[in-house]
Colleague: 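Pasting a structure below so you can have a look.
Only heavy atoms go into these numbers, but all of them, side chains included; no hydrogens, no water, no symmetry mates. Naming: A, B, ... by sequence-line order, numbering from 1 per chain.
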2 protein chains.
Amino acid sequence: MNITIYDVAREANVSMATVSRVVNGNPNVKPATRKKVMEVIQRLEYRPNAVARGLASKKTTTVGVIIPDISSIFYAELARGIEDIATMYKYNIILSNSDQNLDKEMRLLNTMLGKQVDGIVFMGGHITQTHIDEFKRSPVPIVLAGSIDPSGGVPSINIDYRQATYDAVSYLIEQGHKNIGFMIGPLNNPINLEQKLVGYKDALEAAGIGFQEEYVIEGDETYESGVEVWKKFHDMEERPTAIIAGNDDMAIGIMNGAQDEGVSIPNELEIISSDDTKLATMVRPQLSSISQPLYDIGAVAMRLLTKYMNKEEVDEGTILLPHRIEYRDTTK
Amino acid sequence: MNITIYDVAREANVSMATVSRVVNGNPNVKPATRKKVMEVIQRLEYRPNAVARGLASKKTTTVGVIIPDISSIFYAELARGIEDIATMYKYNIILSNSDQNLDKEMRLLNTMLGKQVDGIVFMGGHITQTHIDEFKRSPVPIVLAGSIDPSGGVPSINIDYRQATYDAVSYLIEQGHKNIGFMIGPLNNPINLEQKLVGYKDALEAAGIGFQEEYVIEGDETYESGVEVWKKFHDMEERPTAIIAGNDDMAIGIMNGAQDEGVSIPNELEIISSDDTKLATMVRPQLSSISQPLYDIGAVAMRLLTKYMNKEEVDEGTILLPHRIEYRDTTK
DNA sequence: CTGAAAGCGCTAACAG
DNA sequence: CTGTTAGCGCTTTCAG
């Protein structure tokens, strides 16, 4: 049997309430008895049982984190931001991969709520009404990180993807490009469909360039899909002279695909990537990329969640962090 | 107030014991009453409180995972393997970053034990006696993943790093190289000091090549350190004609450092990397690399842990998974 | 096959 | 400043 608060109380000749008080830093304890209790705690190597505490207090100081795939650089960076801030606020994290699978997401949500997490950070590409309904029923607060609820009802941390894409495309247009390809991520993700794509179209329109359906090709965020998509661009009668890509993996796929065929970058093809993960500076040429503060998105999401868990007033639940474009060697 | 087992019992006209039985799939329940209870559970949307359950049963079905840094590709891949198998066995994971900091590691260990995890997967570079002592006192099983306890007392999953390094160096020697540099990871990590370095020396010795201290340079596993270390190799009067690197990040640093100076790879410099993460095929030239089954190391570690948690007999706690060398374009 | 009852280890009033 | 006393929601004997 493990040693309990009761053992400590007995050894220290106090009640368990007193032990509980010193353990929880309650000031209403005479220094002398506090000292005495502390000693016994040390001697017995007493370690409070958080489960019992959770049951009694209805707080577990753990938050659930639902993430598409922890082995993706993008999400791992968010996760790191989340975890650091969680630690800072004394929370632990239950982390689970969803693979963006709706069933799995709902199941995870439920097991986490069953485990009485105090809050949840949710990351996922495709947020449906089903999600939102479940989120609304949750007894604990939920915030989205790097994910968008099109209806805007769920708190979330992101950058302004529309604007960022607009900026990138506008830059390319300024460089004289008219045929600008866009390898976009899955279109069931509103970030892609409702923000990035719109930013792309808006920039084109602002410059009086006609939108060409075929220049927008969907990828699945992987390097391999980048390589594939390059082939499609390559085969076009009017091949794009510049491409923006939805993330670094895809951009590198395009770049390698093009370079392996002898296309000179950036001279014959300019590329602007997105996300600016550490991959961007590891490849040659180094990727010009839309940079978003991944770590901060996670960190701010967790910070926001702590406020909700604390029932603090929050003025704005939908937060846009700043972005910028890093111009490196895939642009002139 | 949330709805409890008691509410269900009342609504279904049975005792809470019976509800508990159906929830836990205990066969000793008449089908009819099971059905009745199930219906009430559905209707009331009853969700068992795992905290209460944990307190009563002394099992939380959650395991702790202590990881140096989830945003490192290497560890993220391990984590994914761990989590997948955990899910398969109905466990959840409490994930925390340690940054390889001893204090933090010990603190995490303690808070996880306080949260009554059923077991722990530990990843860390430098495992000291302090670690081992703490591991031994743990009331729940602990297994290491991609980490070594030099004393061999703690169960662990790895590859044979000595042999893998030996193989890589031997290959380079066969290619005619005599001056083989080794950019090794931190030497306080026994994997580096006691295995990789030894494999390097053994291969040299087997070929009758003298060991040269200056050819072994320590890096901190980052890309940047690779770039730095290249400079040192570059400045040597007898510059190495081949280099093996302790991981892909460092290898890419070296490669880019060399290439940016016009060194032709693999013609003037051959490189064999380690870990074979997805980076290896994303850079040009693609890295030849010692390949270890990262995901599987995590998966097997978790699987082993489930056996310990189940109190099954385990014949061998120290498991070495197979490795191989992927020859790509940084070797001839 | 089902129910009653005793905890699991701790927090949180409520007295004093 | 300290102790008493209820629970928190569930599992688990032990009867029947």
Colleague: Which heavy atom in A:I142 sits nearest to a heavy atom in A:F135, and how many Å separate them?
Modeller: CD1-CD2, 3.5 Å
Colleague: Tell me the interatomic distance from B:K58, atom NZ, to C:dG7, atom P, rounded to whole angstroms.
Modeller: 13 Å
Colleague: Show your reasoning for whether side-chain hydrogen bond (donor to acceptor under 3.5 Å, both in side chains) applies to A:N110 and B:R47.
Modeller: CA-CA 8 Å; A:N110 269 287; B:R47 177 193 292 136; 3.1 Å; yes
Colleague: Are the side chains of B:N189 and B:H126 in contact, using a 4.5 Å heavy-atom criterion?
Modeller: no
Colleague: Between B:Y6 (OH) and C:dG3 (P), how many Å, whole number?
Modeller: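 Going from B:Y6 (OH) to C:dG3 (P), I get 12 Å.
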Colleague: What integer distance in Å separates A:N2:CG from C:dG9:P?
Modeller: 8 Å
Colleague: Compare all side-chain heavy atoms of B:I148 with those of B:I127 and state whether any distance is below 4.5 angstrom.
Modeller: no
Colleague: At their closest point, which heavy atom of B:E83 faces which heavy atom of A:S96, and how far apart are they?
Modeller: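 For B:E83 and A:S96, the tightest heavy-atom pair comes out as OE2-OG, 3.3 Å.
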Colleague: Will you find, in the side chains of A:N310 and A:T306, an N or O donor that is under 3.5 Å from an N or O acceptor?
Modeller: no
Colleague: Could you check which residues of residues 10-36 of chain B get a heavy atom under 4.0 Å from DNA chain D? Sort them by number, please.
Modeller: B:M16, B:A17, B:S20, B:N24
Colleague: When you get a sec, tell me which of D:dC8, C:dC8, D:dT11 is the closest nucleotide to the side chain of B:L55?
Modeller: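 It is C:dC8.
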Colleague: Starting from P on D:dC8, measure out to CD1 on B:I3 and report it in whole angstrom.
Modeller: 14 Å
Colleague: Just how far, in rounded Å, is P of D:dG9 from CZ of B:R47?
Modeller: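 Result: 14 Å.
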Colleague: Just one of B:T18, B:V37, B:V22, B:V23 clears the side chain to side chain contact (heavy atoms under 4.5 Å, CB included) bar with B:V8, so which one?
Modeller: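 Running side chain to side chain contact (heavy atoms under 4.5 Å, CB included) over B:T18, B:V37, B:V22, B:V23 with B:V8 returns exactly one hit, B:V37.
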Colleague: B:K59 has an atom NZ; how far is it from atom P of C:dG9, in whole Å?
Modeller: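 B:K59 atom NZ is separated from C:dG9 atom P by 14 Å.
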Colleague: Identify which nucleotide among C:dC10, D:dG9, D:dT11 has an atom closest to any side-chain atom of B:T4, counting heavy atoms from C-beta outward.
Modeller: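 Closest nucleotide to the B:T4 side chain: D:dG9.
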Colleague: Does a sphere of radius 6.0 Å around CE in B:M309 hold more than 12 heavy atoms from other residues, nucleotides or ligands, not counting ones at 6.0 Å or beyond?
Modeller: yes
Colleague: Report for the helix from C:dC1-D:dG16 to C:dG16-D:dC1: angle between first-end and last-end helix axes, five pairs each, rounded to 10 degrees.
Modeller: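 Rounded value for the end-axis angle: 30°.
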Colleague: Under a 3.5 Å threshold, yes or no: a donor from one side chain and an acceptor from the other, between A:Y75 and A:N97?
Modeller: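 No pair is found: no donor N or O on one side chain lies under 3.5 Å from an acceptor on the other.
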Colleague: Rounded off to whole Å, could you give me the CZ-to-C1' distance for the A:R53 and C:dA12 pair?
Modeller: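 Value for this atom pair: 13 Å.
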Colleague: To the nearest Å, give me how far apart CD1 (B:I5) and P (D:dT12) are.
Modeller: 11 Å
